[in-house]
Amino acid sequence: MDHPRIETERLLLRYPEEQDFEPLAEMMQDEEVARFIGGVQDPAITWRAFCSLLGHWQLRGYGFFSVVDKASGEWLGRIGPWYPHLWPQPEVGWTIKRAAWGKGYAPEAAAACLDFVFDTLDWPSVIHLIDQKNTPSQAVARKLGSTDSGQEVEVPGFGIKVNVWGQTADEWRAKRATLR
């Protein structure tokens, strides 16, 4: 199966590889990073979650990309389209390791993913499930042009309640034109 690769000015978004597990496990041990996505994970649990991400690619043909700094080759996080069982609808989600926060990587990579889901996967709309207290992710969503729908849902399998943010393909295309 050929997996898409997306390049932005600074980033490479590629299919996850086994070498990505160690930095992912390290990121999921960071309490600040993990607090809004289910909490700190033991590496054995992170391994299972990593394998689930790979399985998602196999079943759906898309999934979270590994985000890599093109200049250094450093793994920065995971961002991409995601539609697990019982999710309200397809999502573009993001998690960036703390050392890479504040550098604009999340909106840069997420914008490329929005182009991918709307132009390649032909999604009519997208959501982002964001905890009410996760103001950095809310800022990323706003920067992308997404809005809070006011709907609160429980994340299946996580037992946490989040707000549903999102936008339509047409809204994204209008917003994207202003970002170029």
If the threshold is 4.0 Å, N to carboxylate O, is there a salt bridge linking [X] and [Y]?
X    : Y    : result
K97  : E74  : yes
R173 : D119 : yes
D115 : R176 : yes

Next on the checklist: If you apply the rule side chain to side chain contact (heavy atoms under 4.5 Å, CB included), what do you find for L24 with R78, and how did you get there?
Outcome noted: CA-CA 8 Å; L24 172 63; R78 62 183 183 190; 3.9 Å; yes
So which atom in [X] and which in [Y] form the shortest heavy-atom distance, rounded to 0.1 Å?
X    : Y    : value
P4   : W57  : CD-CZ3, 3.6 Å
V68  : L76  : C-CD1, 4.4 Å
A25  : T46  : CA-CG2, 3.7 Å
P88  : I127 : CG-CD1, 3.8 Å
L86  : P156 : O-CG, 3.2 Å
A169 : F118 : CB-CD2, 3.4 Å

Item to check | Exceeds 12 heavy-atom contacts within 6.0 angstrom, atom CD of E9 | outcome: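 Check fails, neighbour count at 12 or below.
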Next on the checklist: With salt bridge (Lys or Arg N to Asp or Glu O under 4.0 Å) as the criterion, how do R14 and D20 come out once you've worked through the C-alpha distance, each side chain's angles and the decisive distance to 0.1 Å?
Outcome noted: CA-CA 11 Å; R14 62 159 171 75; D20 302 332; 2.8 Å; yes
Honestly curious: do [X] and [Y] fall in one hydrophobic cluster under the side-chain, below-4.5 Å linking rule?
X    : Y    : answer
W101 : Y105 : yes
W47  : F158 : yes
I160 : W87  : yes

Find the distance between [atom1] ([X]) and [atom2] ([Y]) and round it off to the nearest 0.5 Å.
X    : Y    : atom1 : atom2 : result
T168 : K175 : OG1   : NZ    : 13.5 Å
E91  : W165 : CD    : CH2   : 13.5 Å
E17  : L54  : CD    : CG    : 10.0 Å
E152 : N163 : CD    : CG    : 6.0 Å
L144 : E171 : CG    : CD    : 12.5 Å
L12  : K70  : CG    : NZ    : 7.5 Å

Just so I know, are the side chains of [X] and [Y] near enough to count as touching, which here means a heavy-atom distance under 4.5 Å?
X    : Y    : result
I79  : I96  : yes
F116 : L13  : no
V153 : K161 : no
P136 : N134 : yes
W172 : V117 : no
C113 : F65  : yes
Q89  : S125 : yes
F50  : P16  : yes

Next on the checklist: Check the orientation of Y15 and H3. Use parallel for under 30°, tilted for 30 to 60°, and perpendicular for over 60°.
Outcome noted: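 If you compare the ring of Y15 with that of H3, the planes turn out parallel.
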Checklist entry - Which word best sums up how the rings of W94 and H128 line up, parallel for under 30°, tilted for 30 to 60°, or perpendicular for over 60°? => result tilted
Item to check | side chain to side chain donor-acceptor pair (under 3.5 Å) involving W75 - partner list, sequence neighbours excluded | outcome: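 Result, side chain to side chain donor-acceptor pair (under 3.5 Å) vs W75: S66.
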Item to check | side chain to side chain donor-acceptor pair (under 3.5 Å) against Y83, all qualifying residues, sequence neighbours excluded | outcome: none
Next on the checklist: If we ignore hydrogens and angles and just use 3.5 Å, is the side chain of Q167 paired with the main-chain N or O of V126 as donor and acceptor?
Outcome noted: no
Item to check | Expected output: side-chain Q138 to main-chain D148 donor-acceptor under 3.5 Å | outcome: no
Next on the checklist: Tell me if the centroids of the rings in Y62 and H56 come within less than 6.0 Å of each other.
Outcome noted: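 Ring centres of H56 and Y62 closer than 6.0 Å.
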